[in-house]
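Chain naming here is simple, since letters A, B, ... match the order of the sequence lines and numbering starts at 1 in each. Keep in mind the model is a prediction, meaning the values are calculated, not measured.
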There are 2 protein chains.
Amino acid sequence: MIALTISEENYLKALYHLYQPDEGIGTNAIANHLNTKPASVTEMLKKLSEKKLLTYEKYQGVILTKKGYASALNVVRRHRLWEYFLVDKLNLKWDEVHDIAEQLEHIQSDVLIEKLDMYLGHPKIDPHGDPIPDKEGKMCIVNCCCMSEIKLNTKAKISGVKNHTTAFLKHLDKIELVIGKVVKIKERNEFDQSVALEINKKVLHISKDVAQNLLVEKVK
Amino acid sequence: MIALTISEENYLKALYHLYQPDEGIGTNAIANHLNTKPASVTEMLKKLSEKKLLTYEKYQGVILTKKGYASALNVVRRHRLWEYFLVDKLNLKWDEVHDIAEQLEHIQSDVLIEKLDMYLGHPKIDPHGDPIPDKEGKMCIVNCCCMSEIKLNTKAKISGVKNHTTAFLKHLDKIELVIGKVVKIKERNEFDQSVALEINKKVLHISKDVAQNLLVEKVK
DNA sequence: AATATAATTTAGTTTCACCTAAAAAAATAT
DNA sequence: ATATTTTTTTAGGTGAAACTAAATTATATT
Ligand SMILES: [Mn+2]
Ligand SMILES: [Mn+2]
Ligand SMILES: [Mn+2]
Ligand SMILES: [Mn+2]
């Protein structure tokens, strides 16, 4: 099993992230996700298809094979382990780590990743609340839903973000709505879909945009 | 100051390692060091010369500029910091880290390296006894000389290796001649240049090849 | 069903970092 | 000083991964 190029790994990871049940992934969506052009995507899909990492038929959209899925998950594993390292050990902020992990995820060394995983204590969740696949690709199912879909007067714990941009993460830091915080949904405004939360007796109003990008898990 | 490519960084680092006072570095030497061909080297030298990282005149051999030297040292800094991390934190062995550091040294992020340096406690020496340049390029002068040049009956501390191959490092592990050990040079054989050392009352015989690749520093 | 629009593929270029083979220059030996 | 060898450069080419523009196929609209 010959090593993949950085570009190939990035395509596999993109396909993993773009996957939707019962839908082939389109060239446009991939190009958009990777900031390239559809023509470049077509070329790469042909290459990956020859390597049996995905099934590709002209105009049909693309699906990862078992092998391709495993490779993609491995890249995701490395990305999230590095993010965990950067936040937990090097004290970088959760909005600073993604771009660095985009580079680190391509370092080729199985022993490195095993040692890193051990050193970090086999973490299950990355700094943004995303699950970290283990060596075999298994990961915990994060039982979460979107903040904008939760019923009134339920208690919920912030468990992750859908939007990973620096701008959004910094905003959450500013309003102190970080992972682990427990909130109670008090009110949902019809007009602008904004939400009022209660956090330790205090009330916090968040916009629709924020609510839509926050993942929470219900609390007893 | 636009970022350098991996290849450009590797050339600069090679030039740093190949540098000899009062000698331009030749195309062949560089090609040999980088496992590429002289023709490829010539091309890259032209490019780096245009970027003012070195001075290049056809057939004259090449010398790093201030700017080029600083960039090279920065790559060396990153390489050695990562090696220190891999050994000190991840418990990899000193013969396993070089190839991984060859990849890690190219990760582009100043804040990452600053944080890593801080996390490691600003180490001054890498696992092979080589000095780690600081942010400004300063590094401690390691006051060492080759084991094969040391006078009889002097005490010396193993301080580094000239040969960085896995084979050599593993051999040193086997004979337990690792960095920090204090030895006394008891005998030097005329015939094969092998050396007899005394380590805690016990005698150890090492070959010429080993002696020539070991760096030591004198001890009171 | 015919047409318009959107998605995808093909064709032809570009840049980077490498290569081989041949030419040119420099260094060494006779 | 000339001839030989070694080093370095030039010329021409390759493969990977991108690009633009044009052609093709699929989907949506009338
Ligand atoms: Mn990320
Ligand atoms: Mn993440
Ligand atoms: Mn090294
Ligand atoms: Mn080293």
* Asked: Looking at DNA chain D, which of residues 36-59 of chain A put a heavy atom within less than 4.0 Å of it?
  ->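 Of all residues in residues 36-59 of chain A, the ones placing a heavy atom under 4.0 Å from DNA chain D are A:T36, A:K37, A:A39, A:S40, A:E43, A:K47, A:Y59.
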* Asked: Among residues 23-31 of chain B, which residues get a heavy atom nearer than 4.0 Å to DNA chain D?
  ->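 Those residues whose heavy atoms fall under 4.0 Å from DNA chain D, taken from residues 23-31 of chain B in numerical order, are B:G26, B:T27, B:N28.
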* To do: To the nearest 0.5 Å, tell me how far A:T166 OG1 sits from A:E96 CD.
  =>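 The CD atom of A:E96 is 8.5 Å from OG1 of A:T166, to the nearest 0.5 Å.
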* What distance separates A:M139 CE from A:D130 CG, expressed to the nearest 0.5 Å? ->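 Interatomic distance, A:M139 CE to A:D130 CG, rounded to 0.5 Å: 9.0 Å.
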* To do: Whole angstrom is fine here: how far is it from CG in B:N35 over to P in C:dA17?
  =>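 Taking CG of B:N35 and P of C:dA17, I get 17 Å after rounding.
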* **Spacing between A:Q60 atom CD and C:dA7 atom C1', to the nearest angstrom** =>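 Going from A:Q60 (CD) to C:dA7 (C1'), I get 12 Å.
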* To do: Compute both the distance and the angle, then confirm whether B:K89 meets the cation-pi test with B:Y119: under 6.0 Å from the six-membered ring centre, within 45 degrees of the axis.
  =>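 Here B:K89 passes the 6.0 Å and 45° test against B:Y119.
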* Asked: Counting only side-chain N and O atoms of B:S7, is one of them less than 4.0 Å from OP1 or OP2 of C:dC16?
  ->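 For C:dC16, neither OP1 nor OP2 has a side-chain N or O of B:S7 closer than 4.0 Å.
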* Taking only side-chain nitrogens and oxygens of B:Y11, does any of them come within less than 4.0 Å of OP1 or OP2 of C:dC16? ->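 So the side chain of B:Y11 is outside the cut-off, no N or O lying under 4.0 Å from OP1 or OP2 of C:dC16.
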* Asked: So do A:I100 and A:W82 actually touch side chain to side chain, heavy atoms under 4.5 Å?
  ->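 No - every pair of side-chain heavy atoms lies 4.5 Å or more apart.
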* Step by step, work out the side chain to side chain contact (heavy atoms under 4.5 Å, CB included) result for A:L48 and A:E8. => CA-CA 7 Å; A:L48 294 174; A:E8 287 170 337; 3.8 Å; yes
* Asked: Which heavy atom in A:H33 sits nearest to a heavy atom in A:L18, and how many Å separate them?
  ->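 Scanning both residues, the minimum pair turns out to be ND1-CD2, 3.8 Å.
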* Asked: Using the ring of each side chain (for Trp, its six-membered ring), is B:H128 parallel, tilted or perpendicular to B:W94, with breaks at 30° and 60°?
  ->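 It falls in the parallel class, under 30°.
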* Which of these, B:E105, B:E136, B:E114, sits in a salt bridge (Lys or Arg N to Asp or Glu O under 4.0 Å) with B:R77? ->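 Of the listed options, the one satisfying the test is B:E114.
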* **A:N10 and A:H106: side chain donor to acceptor below 3.5 Å** =>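 The criterion, which ignores hydrogens and geometry beyond distance, is satisfied for A:H106 and A:N10.
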* Asked: What are the bounds, 5' to 3', of the part of DNA chain D that sits under 4.0 Å from heavy atoms of chain A?
  ->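 Under 4.0 Å from chain A, the extent on DNA chain D is D:dA17 to D:dA26.
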* Does a salt bridge link B:R78 with B:E9, judged by any charged N lying under 4.0 Å from a carboxylate O? ->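 B:E9 and B:R78: salt-bridged.
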